[in-house]
Amino acid sequence: MKNKIVSGIRPTGNLHLGNYFGALKNFLRLQEESDCYFFIADYHSLTTHPTPENLQGNVKQVLAEFIACGMDPDKACIYVQSDVPETIELYLFFNMNAYLGELQRVTTFKDKARKQPDNVNAGLLTYPTLMAADILIHRASKVPVGKDQEQNLEMTRTFAKRFNHMYNTEYFPEPVAYNFGEELVKVPGLDGSGKMGKSEGFGNAIFLIDDEATIKKKIMKAKTDSGPTEKNSTPPDYIQNLFALMNIVSKEETVKFFKDAFADCNIRYGDMKKQLAEDMNEFIAPTRDKILSISSNDELLSKIAKQGRDKARESAQQTIREVRDIIGFKSI
Ligand code: AMP
């Protein structure tokens, strides 16, 4: 069987730099050489209860952003998760063998439960089983994701192993997180809180759709202090975050210039942020322009979604047929 790759993104907001470097960038390289499936995780987004208008609008927007980033529907299968309902059947099978204790221990569940205490629904709890279904519905072996998804992927391996063991088969592979031979990526946010994320409030994330003024405003507002007082000291987390973002979008000599200035205690954070904003805008501008032109092209977007749906369903239907047979759902 050819190596299959699966990854997805929830349409709960625009794509940001974390999505790009954690997932999309790897995918752009992988689509050249592997059998790739990349989906918009709209079932997953129901955990936050979007309105019908928001749900459809967000799905279209994210699809346009995928294409603007360089995802090619003729090379990879790009589809909307809810166009492949077979995923839900596999989700049900995995849920029957997923235990409350192990689901409650997942860090992303604990985080979400803390962030939305009035809406700790079963979908949040079973996020890892739906993610396992997303990946294993195509029997994928590699998953390009950011570091935040490491534990969920461990759960996918657990469910795959459990199924194989229960039915005495080697049907499902045990998929691994993938990042071109390097460590998994974690892009920090601008508010000093750690991870860049869609739902962290204005100022944390740089979106691929942000215009020049917005980028500048967000970066200039990032937390700094009055500067180091001891030579060669270690920067605090929020300054390291700025350096991490600079590493991503600026030239090597620019990063070196400001790192040396920090080590010598003569860094001017205002200048550093201005430079970062300029480099960030230069990095994002070409993608932003493409997003703007593609997102109004409804005909193109629905053609791409249909093309993806047909291929994804074929692959998913085969898996469900075989899984039903293994479990014992046979016609009588
Ligand atoms: P999400 O936006 O949570 O649906 O995540 C979609 C993909 O983007 C997953 O593969 C995540 O691992 C990745 N991702 C999201 N935020 C970050 C981040 N700050 N750094 C690295 N990867 C990220």
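Everything quoted here is computed from the prediction, not taken from an experiment. When a ligand or atom number is given, it counts from 1 through the structure's own listing order.
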Inset, instruction - Between D148 and ligand 1, find which residue part has any heavy-atom pair under 4.0 Å and reply side chain, backbone, both or neither. - result: side chain
Inset, instruction - Flag the pair D211 and K217 as a salt bridge only when some basic side-chain nitrogen lies within less than 4.0 angstrom of an acidic carboxylate oxygen. - result: no
Inset, instruction - Return the residue, atom name and 0.1 Å-rounded distance of the protein heavy atom closest to atom 20 (N) of ligand 1. - result: V187 N, 2.8 Å
Legend entry - salt_bridge(D148, K186) N-O dist < 4.0 Å: no
Inset, instruction - Just let me know how R10 lines up against ligand 1, side chain, backbone, both or neither, with a heavy-atom cut-off below 4.0 Å. - result: both
Inset, instruction - Mark the output for H16 as yes if a heavy-atom distance to ligand 1 is under 4.0 Å, and as no if none is. - result: yes
Inset, instruction - Give the ring-plane orientation class for F21 versus F283, where under 30° counts as parallel, over 60° as perpendicular and anything between as tilted. - result: parallel
Legend entry - Sub-4.0 Å heavy-atom contact, G8 with ligand 1: yes
Legend entry - atom 22 (N) of ligand 1 - nearest protein heavy atom and its distance: G18 O, 3.1 Å
Inset, instruction - Give the residue and atom name of whichever protein heavy atom lies nearest to atom 8 (O) of ligand 1, and the separation in Å to one decimal. - result: N19 ND2, 3.0 Å
Legend entry - Geometric cation-pi criterion, R309 with Y79: 6.0 Å, 45°: no
Inset, instruction - Let me know which of Y167, F159, F94 forms a ring pair (Phe, Tyr, Trp, His ring centres under 6.0 Å) with F172. - result: F94
Inset, instruction - Considering heavy atoms of the protein only, find what lies nearest to atom 21 (C) of ligand 1 and give residue, atom and distance to 0.1 Å. - result: V185 O, 3.3 Å
Inset, instruction - With heavy atoms under 4.0 Å as the rule, classify the contact between K147 and ligand 1 as side chain, backbone, both or neither. - result: neither
